[in-house]
Amino acid sequence: MSKQDKEPQGSLERRHSQVVVDGVEQAPSRAMLRAVGFRDEDFHKSQVGIASTWSMVTPCNMHIDRLADAAEEAVNAAGGKAVQFNTITVSDGISMGTPGMRYSLVSREVIADSIETVVAAEGFDGFVAFGGCDKNMPGCVMAMARLDRPSVFVYGGTILLGEQRRDIVSVFEAVGGHAAGKVSDAELLEVERTAIPGPGSCGGMYTANTMASAIEALGLSLPNSSAQNAVSAQKLEDSRRAGAAVMQLLRRGIRPSDILCREAFENAITTVIALGGSTNAVLHLLAMAFEAGVPLELDDFTRIGARVPVLADLRPSGRYGMAELIEIGGLQPLMKKLLDAGLLHGDCLTVTGRTLAENLAGVAPYPEGQQIVRSLDDPIKADSHLVVLYGNLAPEGAVAKISGKEGLSFSGSARVFGSEEDCLRAILDGRVVAGDVVVIRYEGPKGGPGMREMLSPTGAIMGKGLGDQVALITDGRFSGGSHGFVVGHVTPEAAVGGPLALVEDGDRITIDAVERTITLDVDAGELERRRQAWSPPPPPAGPGVLSKYARLVRSASEGAVTTKE
């Protein structure tokens, strides 16, 4: 039975808030709420949380306070009582290549936990959640799924491209170019100064724009919310519309569980593939589905990917930025193209209260002559760029990002590193050479802990001119800005004794994207001898969030979630 065929729940306007504010015994609650601006009439209204990830930590989120204000005003105008609250964000781009990057994926869980905590503790009837950076977005959706209260997600929007169409990946690759002697000190400084012109998320089809698009395809944000510039009238209007929409969801009794079905997740996977999106989408969609109680596994990406082509010529492997996709119409014309081709489930319910097909009914095609999104009969790649690999090096799976430009197979000699930092130094020093398969291990969810992204090494490889001559495999993960012959999410990870822990310098490794295999050319007897000699690394030091995460986190093949079934 499709989601829109379910029996309506009826109004959910005051299901939770009345427990907090109704009756003589709740006078103390009302007294405290009066101090934060409640008036007598507000106690009879639906309370709507506005979960803001505003922060000056990163340009991705620096403008979200204004968007949250717009949503608050719209909720109040529609008859509700909005209450803003904040949760954290961390910057992947700033912490990349440092120990701080270990906290990036961990922050997804902290964000989900904190939104759940505030909404449930305060008795909000529904909420609007704003995300601007990579982990904000899945964290918000995970909380929406757990709480199952009427809610809408709003993406903070993409950044504009810098001078000479630069973005953050331009800077990482300039570092590699500098090490190769191709970029001078002055040129590197000029790239650094001009790549990030203002607010918004990283400007290619990197993880932020990928996840915003996936969430729109899931039906949890309003049409084209994923494809608006951060600094634009359209994004402010999107925020206002979200405030009005959550009030309609409350009145109609529509919850995330009415929207988040298996077909909705298939729509998200299809959209991510057509866009050429980040490998992080695999990790995050698995986690979001887990929280929603929807069965989803790695092999679903392979099944769907066999019939869905890559259509969008977007960075990092393509030529264009998200702001340029926005100029020709954004995400909606692409989704209409996919729907008309039978590649999307049109009967899935969305936060508009209408189905996906109804939302797309009046969408015009892209303008004639545009070069950003290809036709279905002339794709960039005929099947998915997200390739799930199996083999004796990854018996539980690994995720590769193969655009086809790198070739479809790679075989070379292992060059093994126990951390990202050691690997980066070797690349910049010229110790990584053509024909190497770079192995970075002990960077998985438990081993890192935190499963760091490897944009610094991949950016350095590209900047050194080795992008088509070196492969990189890791039990960590990749930034959406990474490109080249890269394989991440190798499971089981090295820290729990996965085969990646047994690789030695000089071992032959073969990656075959056609056969979907990743093979360590070492016989089983030798691997068993190495296993007997292997000992696990020491657990992470300290009593803080990283050690708690390492104890709780599940495999990357299960989304690296920390909640239990």
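What you are looking at is a predicted structure, and each value in this text was computed from that prediction instead of being measured.
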Within the distance-only criterion (no hydrogens, no angle test), does the side chain of [X] pair as donor or acceptor with the backbone N or O of [Y] below 3.5 angstrom?
X: Arg374; Y: Asp378; result: yes
X: Arg452; Y: Thr98; result: yes
X: Glu515; Y: Asp512; result: no
X: Lys446; Y: Ala550; result: yes
X: Thr519; Y: Asp521; result: no
X: Glu216; Y: Ser226; result: yes
X: Asp313; Y: Arg319; result: yes
X: Ser107; Y: Val110; result: no
X: Lys381; Y: Leu311; result: no

Quiz question: by atom type and distance under 3.5 Å, do the side chains of [X] and [Y] form a donor-acceptor pair?
X: Glu109; Y: Thr562; result: yes
X: Asn136; Y: Asn61; result: yes
X: Ser114; Y: Thr87; result: yes
X: Arg477; Y: Thr279; result: no
X: Asp436; Y: Gln469; result: no
X: Glu173; Y: His483; result: yes
X: Tyr206; Y: Asp134; result: no
X: Ser104; Y: Lys135; result: yes
X: Thr194; Y: Glu163; result: no

Given side chains that start at C-beta, do those of [X] and [Y] come closer than 4.5 Å, heavy atoms only?
X: Pro492; Y: Pro395; answer: yes
X: Ile473; Y: Val438; answer: no
X: Arg262; Y: Asp300; answer: yes
X: Leu500; Y: Leu393; answer: yes
X: Leu344; Y: Thr271; answer: yes
X: Lys336; Y: Pro333; answer: no
X: Thr270; Y: Ile304; answer: yes
X: Phe417; Y: Val439; answer: no

Of all the heavy-atom pairs spanning [X] and [Y], show the shortest one and how long it is.
X: Met454; Y: Pro457; result: O-CD, 3.2 Å
X: Ile168; Y: Cys202; result: CG2-SG, 3.5 Å
X: Phe410; Y: Asp468; result: CE1-O, 4.4 Å
X: Pro295; Y: Gly293; result: CD-O, 3.8 Å
X: Gly132; Y: Ala208; result: O-CB, 4.2 Å
X: Phe172; Y: Ser456; result: CE2-OG, 3.5 Å

What distance separates [X] [atom1] from [Y] [atom2], expressed to the nearest 0.5 Å?
X: Ser479; Y: Asn280; atom1: OG; atom2: CG; value: 7.5 Å
X: Asp475; Y: Thr491; atom1: CG; atom2: OG1; value: 9.5 Å
X: Thr302; Y: Leu298; atom1: OG1; atom2: CG; value: 7.5 Å
X: Asp505; Y: Ser413; atom1: CG; atom2: OG; value: 9.5 Å
X: Leu218; Y: Leu285; atom1: CG; atom2: CG; value: 6.5 Å
X: Ile511; Y: Arg516; atom1: CD1; atom2: CZ; value: 14.5 Å

Next on the checklist: Let's go through Val106 and Leu546 carefully: what are the C-alpha distance in whole Å and the side-chain angles of both, what is the deciding distance for side-chain contact (heavy atoms from CB on, under 4.5 Å) to 0.1 Å, and is it a yes or a no?
Outcome noted: CA-CA 7 Å; Val106 177; Leu546 291 181; 3.9 Å; yes
Next on the checklist: Run the salt bridge (charged side-chain N to carboxylate O under 4.0 Å, His left out) test on Arg530 and Asp507 for me, step by step, so that the C-alpha distance in whole Å, both residues' side-chain angles and the decisive distance to 0.1 Å come before the verdict.
Outcome noted: CA-CA 13 Å; Arg530 294 180 188 180; Asp507 288 348; 2.7 Å; yes
Next on the checklist: As a quick check of understanding, evaluate side-chain contact (heavy atoms from CB on, under 4.5 Å) for Tyr390 and Glu396, giving each step before the final call.
Outcome noted: CA-CA 7 Å; Tyr390 292 95; Glu396 294 177 9; 5.7 Å; no
One thing to verify: whether [Y] and [X] come together as a salt bridge, which I'm taking to mean a side-chain N less than 4.0 angstrom from a carboxylate O.
X: Glu190; Y: Arg193; result: no
X: Asp429; Y: Arg425; result: no
X: Asp167; Y: Arg315; result: yes
X: Asp340; Y: Lys337; result: no
X: Arg441; Y: Glu420; result: no

Item to check | Tyr442, OH atom: more than 12 neighbouring heavy atoms under 6.0 Å | outcome: yes
Next on the checklist: side-chain contact (heavy atoms from CB on, under 4.5 Å), that's the test. Do His178 and Glu187 meet it? Break it down for me.
Outcome noted: CA-CA 9 Å; His178 183 268; Glu187 289 169 331; over 6 Å; no
Item to check | Evaluation steps, side-chain hydrogen bond (donor to acceptor under 3.5 Å, both in side chains), between Thr207 and Ser278 | outcome: CA-CA 5 Å; Thr207 302; Ser278 167; 2.9 Å; yes
Checklist entry - Yes or no on side-chain contact (heavy atoms from CB on, under 4.5 Å) for Ile269 and Leu296, after CA distance, side-chain angles and deciding distance? => result CA-CA 11 Å; Ile269 294 170; Leu296 194 70; 4.0 Å; yes
Checklist entry - Under the side-chain hydrogen bond (donor to acceptor under 3.5 Å, both in side chains) criterion, do Glu291 and Thr563 qualify, and how do the steps go? => result CA-CA 8 Å; Glu291 298 289 358; Thr563 50; 3.2 Å; yes
Checklist entry - How far apart are the C-alpha atoms of Thr158 and Asn209, what are their side-chain angles, what is the distance that settles it, and do they pass the side-chain hydrogen bond (donor to acceptor under 3.5 Å, both in side chains) test? => result CA-CA 7 Å; Thr158 192; Asn209 283 316; 3.3 Å; yes
